[in-house]
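Structure record follows, encoded as structure tokens.
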Amino acid sequence: MPELPEVETVRRGLTRLVQGATIDHVEVRYPKMVTPERDEFTAELIGRQIEAVDRRGKYLLFRFSGGVTMVSHLRMEGKYDVQPEGSPVTKHTHVIFHLTDDRELRYTDTRKFGRMQLVPTGEEGDRMPSLGKLGPEPTAATLTLAYMVRIFGKSHKVVKPFLLDQTKIAGLGNIYADEVLWLSKINPLTPADELTRDQLASLRESIIAEMKMAIEGHGTTVHSFSTAFGEAGQFQNHLHVYGREGEPCERCGTIIEKIKVAQRGTHFCPTCQPLPVAAREAFAND
DNA sequence: CAGAATGTTTCTCC
DNA sequence: AGGAGAAACATTCT
């Protein structure tokens, strides 16, 4: 489920549901999912209170009393939900946090890609390099045009995978990367360092606006995402290219195409998002 | 049966 | 050093 807007939606739901709750005990059914290993992981959390649920990029940060943070990444299909103690669990429920108020915070993940790790609060970035190396959050205050010009200008990588690189900008995933490129009329195969300052300014505005609107729409439900309240997001109704291959472009009527770029499905309008001449020549040599 | 799926990590080969 | 490409992780769905 998770790009930044979906993770933020989960964070807000969890804050409402379990902020202030106390862990009675923890049940780990799939040990590979947690660090440190199961016995230490479960022992460490007993009796701790969930003081806050924060987010950085696509990572959730559960702030426990006593200076312990649980860093949780949902990867492709991880979900949290809160249920009354003892209500039926599915075979894909892998971690259950039993709360002292007769509720359970459950982590469910059909593909088992998600991971959670305990670290001393404040040491997240040092202990988890991928978290420490995250680029700026995609907001107007943190993602400046000067930064965009600098980092795009020094990379020959094509722009689609560049946007998916969490060390450049935190939070974009495959859906929103395609969407912001369509919004800014940029071809996904354009090398990052060939984007003009105007294009980067447009891209920055698209990223900031798209993240904000998707959060306001409670995220995008395309496969299985649901909020911590078990509700689907709404933003899929606002997607312009993702999953719309074969349909006409809303701007010009051209049929939306789907291609593979860096192993990921990539949707774009071949008319609105033309490849620049220099890049077209570079890709024509096969 | 083959291929894809909202993600990240790791390894190989330039 | 950096980048492209592919594989791995595990499961479901078309």
Side-chain angles (χ1 to χ4, degrees), chain A residues 1-11 29-35 55-60 71-80 90-95 107-117 128-135 138 151-181 188-189 191-193 210-211 214-215 217-227 232-239 241-246 258-267 279 282-283 285-286:
Chain A
M1 47 138 289
E3 300 182 38
L4 187 153
E6 292 71 47
V7 179
E8 176 61 18
T9 298
V10 170
R11 187 197 71 76
R29 305 173 151 221
Y30 182 65
K32 281 182 67 176
M33 195 153 275
V34 303
T35 303
R55 179 192 58 73
R56 175 78 173 94
K58 302 175 190 173
Y59 292 84
L60 285 168
V71 181
S72 172
H73 199 298
L74 283 43
R75 293 288 181 91
M76 294 290 263
E77 301 210 47
K79 294 165 195 58
Y80 281 99
T90 76
K91 64 174 176 178
H92 300 302
T93 297
H94 305 301
V95 183
Y107 180 75
T108 302
D109 186 342
T110 50
R111 287 169 78 177
K112 298 181 179 171
F113 282 178
R115 292 292 181 266
M116 45 191 84
Q117 178 167 351
M128 304 183 67
S130 61
L131 211 181
K133 290 191 300 185
L134 285 178
I151 61 164
F152 281 73
K154 61 183 182 188
S155 174
H156 301 296
K157 195 191 275 192
V158 299
V159 66
K160 169 69 186 283
F162 189 88
L163 290 176
L164 296 178
D165 183 345
Q166 303 297 299
T167 71
K168 305 300 194 296
I169 301 170
L172 289 173
N174 206 39
I175 295 175
Y176 297 116
D178 283 2
E179 292 299 312
V180 298
L181 290 172
L189 290 171
D193 61 358
E210 182 80 353
M211 291 292 103
I215 289 168
H218 308 294
T220 296
T221 296
V222 294
H223 293 307
S224 63
F225 171 70
S226 63
T227 70
Q234 296 301 311
F235 199 71
Q236 62 276 13
N237 302 319
H238 300 272
L239 299 182
V241 283
Y242 186 85
R244 304 189 66 148
E245 61 271 28
K258 181 179 182 183
I259 59 174
K260 279 273 186 203
V261 179
Q263 300 176 278
R264 307 299 301 276
T266 298
H267 312 70
F283 283 103
N285 64 2
D286 69 90

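Convention: sequence-line order gives letters A, B, ...; per-chain numbering from 1.
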Quiz prompt | Gap between atoms CZ and C1', on A:Phe162 and C:dG2 respectively (whole Å) | solution = 13 Å
Quiz item: Rounded to the Å, how far apart are A:Glu3 CD and B:dG7 C1'?
Solution: 9 Å
Quiz item: When you check every protein heavy atom under 4.0 Å of nucleotides 7-14 of chain C, what one-letter string (B, S, -) results, 5' to 3'?
Solution: B-BBBS--
Self-check item: Closest non-hydrogen atom pair between A:Leu164 and A:Ala177, with its separation
Solution: CD2-CB, 3.9 Å
Self-check item: Side-chain N or O of A:Lys260 closer than 4.0 Å to phosphate OP1/OP2 of B:dA5
Solution: yes
Quiz prompt | CZ on A:Arg264 to NZ on A:Lys160, rounded to 0.5 Å | solution = 7.0 Å
Quiz item: Under 3.5 Å, is there a donor-acceptor pair between the side chain of A:Lys79 and the main chain of A:Glu77?
Solution: yes
Practice problem: Rounded off to whole Å, could you give me the NZ-to-P distance for the A:Lys133 and C:dG2 pair? | Solution: 11 Å
Self-check item: Value in whole Å for how far the P atom of B:dT8 lies from CD1 of A:Ile169
Solution: 14 Å
Quiz item: Taking only residues two or more places apart in sequence or in another chain, which ones pass salt bridge (Lys or Arg N to Asp or Glu O under 4.0 Å) with A:Asp165?
Solution: A:Lys157, A:Lys168
Exercise. Measure the CD-CG distance between A:Glu179 and A:Leu181 for me, rounded to the nearest 0.5 Å.
Key: 9.5 Å
Quiz prompt | Short side-chain N/O contact from A:Lys157 to OP1 or OP2 of C:dA4, under 4.0 Å | solution = no
Quiz prompt | Euclidean distance, atom CZ of residue A:Arg264 to atom C1' of B:dG3 [Å, nearest integer] | solution = 15 Å
Self-check item: Validation row: A:Val71, A:Arg115 side chains within 4.5 angstrom (heavy atoms)
Solution: no
Quiz item: Between A:Met116 (CE) and B:dT8 (P), how many Å, whole number?
Solution: 16 Å
Quiz prompt | Whole angstrom value for the distance that separates P of C:dG3 from CG of A:Leu164 | solution = 15 Å
Quiz item: A:Tyr176 and A:Glu6: side-chain donor and acceptor closer than 3.5 Å?
Solution: yes
Quiz prompt | Atom P, compared across B:dT8 and C:dT12: separation rounded to whole Å | solution = 22 Å
Exercise. Determine the interatomic distance between C1' on C:dA4 and the same-named atom on B:dA5; round to the nearest Å.
Key: 22 Å
Quiz item: Under 3.5 Å, is there a donor-acceptor pair linking the side chains of A:Thr220 and A:Tyr242?
Solution: no
Quiz prompt | Dot-bracket notation for DNA chain C, counting Watson-Crick and G-U pairs under 3.5 Å, with | for partners on another strand | solution = .||||||||.||||
Quiz item: Distance check: side-chain N/O of A:Ser155 vs OP1/OP2 of C:dG2, anything under 4.0 Å?
Solution: no
Self-check item: Whole-Å gap separating C1' (B:dG7) and CD (A:Glu6)
Solution: 12 Å
Practice problem: Look at A:Gln166 and B:dG7 and indicate whether a side-chain polar atom (N or O) is within less than 4.0 Å of OP1 or OP2. | Solution: no
Quiz item: Can the ring centres of A:His94 and A:Tyr107 be said to be less than 6.0 Å apart?
Solution: no
